[in-house]
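This report concerns only the one structure given below.
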Amino acid sequence: MAYLIGTVTAAAIYAILALGYNFQLGQAGIFSIAHGAFYGVGAYVAALLCIDYNTNFWLTLAAGAAGAGVVSILLGLLGLRVSGDYLVVSSFAFQLIILAVIVNWPSVTKGSIGVLGVLPPVWASNTTTFMWLCIAAAAVVALICASIAFSPYGLALRASRDDPLAAASLGKRVALLRLSIFVFSSGLAGLAGGLYAYYQGFISPDSFQVSVSIIVLSMVVLGGLGRISGAILGAIVLVALPQVIGLIPIPDTVLGPIQQMIYGAVLVAIVIIRPQGLLGSIRLRFPGQQETQANPELPADQPTIEALS
Amino acid sequence: MLALQLTINGLVQGCEYSLVALGFALILYATGTFHFAHGAVFTWGTYIVYLASVDAHLPIVVAAVAASIACAIIGCLIEVLIYRPVRRRSGSPMAVVVASLGALIFLSNLAQLIFGADEKLVGQWSPTHLFSIGTVHIEMAQLIPTICGLGLSGLVVVFLYATRTGLLIRGVSANVTRSEILGVRPQRIGLLTVAIGSALLGPAAAMIVLDQGVSPSAGLDIVLVAGIATIAGGIRRPVASVGAAIILAIAESLSIWKISSDWQEAVGYGLLLVLIAWRPNGVFGVRGVAELRGG
């Protein structure tokens with residue numbers, strides 16, 4: 001039972017991560033892979049406030065989200081200048097810088113040892129209660145995402161994704177739209193980080209490696225880009241799948257790599273078999289690029305009509 | 001004097017990295033793919049070097065050649081079995097990047113599963129002391145990687161700019177459609193470039209294995225360095241990535257001089273972010289990725 005509660009809690013935390021990332025990648029088309037870094041910033045802000053300053057539980061979660069949002073402005077500003085592959089490489093580098101700061105600033109972050117003894121308040125110290133708290137948080141986040149997606153703001157966001165020039169000429173502030181949604185999505189990652197810190201009771205830099213960002217990417221790509229239900233489904237499947245494998249008695253040294261291989265294989269398989277994801281309808285593409293119809297008769301690197309003109 | 005020694009150390013390391021960067025840049029140049037799985041191919045190259053030199057007691061040069069061949073095969077398999085179906089299915093560069101990240105994670109962890117997570121050391125270069133300028137020491141172990149890195153890069157330059165096949169690669173990169181009209185098969189040229197770019201990983205793996213040992217997680221860091229060097233060099237000029245890799249490594253090495261060595265990597269990556277913010281099309285860059293893809 002404890003096993004199941006742990007899995008559901010982890011799935012709910014990852015669902016918050018995936019919902020935020022889904023917004024950023026699916027609705028706004030910002031392809032940065034540093035979600036794990038903002039997750040880490042949120043976890044550290046919440047944990048350190050809890051341990052060193054004994055701050056109120058809700059305040060630490062809010063501060064974690066706010067901290068992650070503020071840090072993400074740095075990368076967000078860069079993301080306004082570059083996009084596509086450049087942003088992928090830059091965001092990777094950004095995440096490694098954040099990790100280096102966490103490891104090499106022991107006076108504040110306690111370095112590679114990590115932060116121990118992050119305990120939730122007494123009323124939430126029961127694992128079942130905490131699981132429901134995480135599920136509730138994920139549900140609220142999903143509702144907020146849904147209401148934003150169908151608001152005028154969400155429509156403007158999608159317009160700026162599909163055709164930035166047209167959106168700008170209609171008076172939409174494309175840069176502000178993109179930056180704001182990036183900060184919002186990173187703030188959600190910070191919230192998830194805070195919950196994770198309380199759930200684990202212990203955090204260290206190892207929990208926020210680049211692989212976390214790639215797991216979140218796998219969840220969103222698997223579930224379907226731009227779909228709220230897809231992000232939740234992706235999180236559930238990819239948290240549950242390795243747990244199911246974990247039931248088979250194999251040593252931990254083997255289990256870790258196998259889990260990672262599953263995430264890698266899911267990414268490759270999905271883009272080949274079903275590029276729009278399980279529940280999605282839109283395909284992966286960089287902002288501003290027109291959707292090209294795949295035509296099996298043409299050679300793979302045949303350019304589109306637009307390219308010829 | 002310390003600064004000079006650090007510069008030389010950086011230069012040596014840069015020459016080791018430059019071959020990885022050059023391969024990455026060439027593949028991007030010819031196929032338009034940000035080949036993140038290049039890092040995983042590198043990881044496999046290092047294990048081939050390890051197996052050949054430690055387990056099979058082969059000379060390091062033979063191990064490097066074996067790794068070259070193996071890397072070329074792995075690289076081509078990734079291109080044919082993963083990238084081509086993805087391009088056919090979705091036709092979007094973003095899908096290819098996602099597949100590439102998937103392949104990076106999958107292959108790196110497969111290596112960890114087979115060879116274990118621990119770092120393994122291989123017999124170091126014997127530090128044959130060559131000569132000293134003041135207190136700056138030059139060793140055989142520093143001279144060989146430098147000559148090897150610059151020499152192989154030079155060969156690639158000659159190949160790219162002085163042979164007919166090189167001309168075809170440049171043609172495909174400049175305009176796929178026109179090349180095709182003239183009877184060139186872009187897919188074949190792309191595959192050839194992937195083979196060459198991946199083969200460059202063999203000697204790079206041998207040098208880095210002797211320098212730093214073998215670890216299954218080395219792939220991500222090295223492909224980041226390669227990506228950084230490629231962007232800094234400007235993606236229209238694959239050869240410039242060699243210079244960019246060397247400058248990056250020297251900057252990282254010099255950072256030890258004033259800052260603690262713990263921050264070495266962060267300094268390198270920070271440099272990239274500043275660079276990209278300042279010049280989004282690369283320092284020497286002419287055109288962006290979008291134009292390279294003709295989109």
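Remember, predicted model here, so these are calculated numbers, not experimental data. Protein chains get the first letters and strands the later ones, always in sequence-line order, with residue 1 at the start of each.
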Within the 4.5 Å heavy-atom criterion, are [X] and [Y] side-chain neighbours or not?
X	Y	result
A:V89	B:F34	yes
A:V101	B:W263	yes
A:F92	B:V223	no
B:R89	A:V271	no
B:F106	A:L267	no

Chain B contact via A:I273 - which portion, at a heavy-atom distance below 4.5 Å =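 When you check distances to chain B, only backbone atoms of A:I273 fall under 4.5 Å.
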Would one find more than 12 heavy atoms of other residues, nucleotides or ligands at under 6.0 Å from atom CG of B:L182?
-> yes
Within 6.0 Å of CZ in B:R185, more than 12 heavy atoms from elsewhere | no
Got a sec, which residues hit salt bridge (charged side-chain N to carboxylate O under 4.0 Å, His left out) with B:E79, two or more places apart in sequence or on another chain?
-> B:R84, B:R87
Using a cut-off of under 4.5 Å for heavy-atom pairs, which of A:I98, A:I33, A:L96 has the most such pairs with chain B?
-> A:L96
Sorted by number, residues from residues 206-219 of chain A in contact with chain B (heavy atoms, under 4.5 Å) | A:V210, A:I214, A:L217
Side chain / backbone / both / neither for [X] at chain A, heavy atoms under 4.5 Å:
X	result
B:I228	both
B:D221	side chain
B:F36	side chain
B:I78	neither

Heavy-atom closest contact (A:V268 atom, B:A99 atom, distance) |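 Reported closest heavy-atom pair: CG2-O, 3.5 Å.
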Please name the pair of heavy atoms, one in B:L273 and one in A:A93, separated by the smallest distance, quoted to 0.1 Å.
->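 Shortest heavy-atom separation between B:L273 and A:A93 comes out as CD2-CB, 4.4 Å.
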Would you give the length of the straight line joining atom CD1 of B:I105 to atom CD of A:Q259, rounded to the nearest 0.5 angstrom?
->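 It is 13.0 Å, given to the nearest 0.5 Å.
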Between CG of B:L271 and CD1 of A:I97, what distance do you get to the nearest 0.5 Å?
->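 Taking CG in B:L271 and CD1 in A:I97, the distance rounds to 9.5 Å.
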